[in-house]
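Here the structure comes first, spelled out in structure tokens, and everything after it is commentary.
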Amino acid sequence: QVQLVESGGGLVQAGGSLRLSCAASGRTFSSYAMGWFRQAPGKEREFVATISRSSTTIYYADSVKGRFTISRDNAKNTVFLQMNSLKPEDTAVYYCVAGPVAQTVSSAYGYWGQGTQVTVSS
């Protein structure tokens with residue numbers, strides 16, 4: 001069982017940066033691939049980024065590649081999403097996820113956080 005708690009969301013101007021954190025409970029954090037999804041109002045939930053258990057495999061959505069960076073600290077049971085050059089279209093609720101393998105589909109992840117709101121103003 002894994003519980004995920006996101007933090008770091010907020011309101012930022014276009015071009016700005018935010019760093020999301022996701023703290024995981026339990027002693028098996030390093031056995032899970034971690035990721036981020038997001039959902040904007042009126043839109044379907046979409047993949048953002050994922051990182052494998054040992055950080056050797058990382059995938060990004062094309063829409064965030066070059067702007068967002070996912071990382072993890074297994075000693076601190078935490079995964080991060082550094083978001084730079086933010087755009088209004090990045091506005092969404094961001095969800096932290098955990099699963100057995102780093103994949104880009106939501107069905108691969110059995111554990112989801114409650115989400116944190118990111119709003120980018122133009």
Side-chain angles (χ1 to χ4, degrees):
Q1 191 79 5
V2 178
Q3 292 186 325
L4 306 172
V5 179
E6 303 98 334
S7 61
L11 173 65
V12 64
Q13 289 188 334
S17 298
L18 282 174
R19 189 192 196 203
L20 304 184
S21 298
C22 173
S25 65
R27 292 177 288 181
T28 59
F29 176 78
S30 61
S31 66
Y32 291 96
M34 302 296 296
W36 294 90
F37 283 73
R38 67 185 182 186
Q39 188 166 21
K43 295 188 177 181
E44 293 187 354
R45 194 168 293 182
E46 65 174 356
F47 166 75
V48 176
T50 186
I51 185 168
S52 62
R53 291 171 288 180
S54 59
S55 303
T56 54
T57 299
I58 292 175
Y59 300 122
Y60 294 102
D62 287 343
S63 58
V64 307
K65 203 171 294 183
R67 299 187 298 122
F68 290 10
T69 302
I70 189 171
S71 61
R72 66 188 294 163
D73 185 339
N74 287 344
K76 296 182 178 180
N77 286 10
T78 305
V79 62
F80 306 97
L81 186 68
Q82 178 66 43
M83 306 186 295
N84 298 329
S85 303
L86 283 162
K87 304 175 181 179
E89 50 264 44
D90 293 318
T91 295
V93 176
Y94 283 71
Y95 297 91
C96 176
V97 298
V101 181
Q103 296 189 34
T104 63
V105 293
S106 59
S107 59
Y109 299 93
Y111 299 100
W112 291 70
Q114 292 299 307
T116 185
Q117 176 71 46
V118 171
T119 303
V120 184
S121 63
S122 57

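Everything numeric in this text was worked out from a predicted model, so none of it was measured. These numbers come from the heavy atoms of this one structure, side chains and all, not from hydrogens, waters or symmetry mates.
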Exercise for the section: Indicate, with yes or no, if Val64 and Ile58 share a hydrophobic cluster defined by side-chain heavy-atom contacts under 4.5 Å among Ile, Leu, Val, Met, Phe, Trp and Tyr. Expected result: yes
Handout entry: Expected output: side-chain Ser21 to main-chain Phe80 donor-acceptor under 3.5 Å
Key = no
Practice task
Taking all non-hydrogen atoms of both residues into account, name the closest pair between Gln39 and Lys43 and its distance.
Solution key: NE2-O, 3.1 Å
Exercise for the section: Give a yes or no on whether the backbone of Thr91 and the side-chain of Thr119 come within a donor-acceptor separation of less than 3.5 Å. Expected result: no
Practice task
Start with the C-alpha distance between Leu86 and Phe68, add both sets of side-chain angles, then the distance that settles side-chain contact (heavy atoms from CB on, under 4.5 Å), and finish with yes or no.
Solution key: CA-CA 9 Å; Leu86 283 162; Phe68 290 10; 3.8 Å; yes
Practice task
Flag this pair as yes if the NZ/CZ of Arg72 is under 6.0 angstrom from the six-membered ring centre of Phe29 and inside a 45 degree cone about the axis; otherwise no.
Solution key: yes
Exercise for the section: Mind checking the CZ-OG spacing from Arg38 to Ser63? Nearest 0.5 Å is all I need. Expected result: 4.5 Å
Practice task
Would you mind checking if Asp62 and Lys65 are paired as a salt bridge, meaning a charged N to carboxylate O distance below 4.0 Å?
Solution key: yes
Completion exercise
Across all chains, not counting sequence neighbours, the ring-ring contact (aromatic ring centres under 6.0 Å, His included) partners of Phe47 are Phe37
Practice task
Say whether Tyr109 and Tyr59 are linked into one hydrophobic cluster, either directly or through other cluster members, by side-chain heavy-atom distances under 4.5 angstrom.
Solution key: yes
Completion exercise
Ala49 and Leu81 have their tightest heavy-atom pair at CB-CD1, 4.2 Å
Exercise for the section: Answer yes or no: is there a side-chain heavy-atom contact under 4.5 Å between Leu4 and Tyr95? Expected result: no
Problem - Gln3 CD: over 12 foreign heavy atoms closer than 6.0 Å - result: no
Problem - Closest contact, heavy atoms only, Cys22 versus Met34 - result: SG-CE, 4.4 Å
Fill in the blank from the handout: When every non-hydrogen atom of Gln1 is compared with those of Tyr111, the smallest separation belongs to CA-OH, 3.7 Å
Practice task
Flag yes if more than 12 heavy atoms outside Arg53 fall under 6.0 Å of its CZ atom; otherwise flag no.
Solution key: no
Completion exercise
All heavy atoms of Ala102 vs all of Ala33, minimum pair found to be N-CB, 3.3 Å
Handout entry: Flag, side chain of Tyr32 to backbone of Val97, donor-acceptor distance under 3.5 Å
Key = no
Practice task
Look at the side chain of Thr57 and the backbone N and O of Ser52, then say whether any donor-acceptor pair between them is shorter than 3.5 Å.
Solution key: no
Practice task
Answer with yes or no whether the hydrophobic clustering places Val93 together with Trp36; edges join I, L, V, M, F, W, Y residues whose side-chain heavy atoms lie under 4.5 Å apart.
Solution key: no
When the side chains of residues 5-20 are checked against the rest of the protein, which donor-acceptor pairs come out under 3.5 Å, sequence neighbours left out?
residue, atom, partner, partner atom, Å
Glu6, OE1, Gln114, N, 3.2
Glu6, OE1, Gly115, N, 2.9
Glu6, OE2, Cys96, N, 2.8
Glu6, OE2, Gly115, N, 3.1
Ser17, OG, Asn84, OD1, 2.9

Handout entry: Non-hydrogen side-chain atoms of Val118 and Met83 separated by less than 4.5 Å
Key = yes
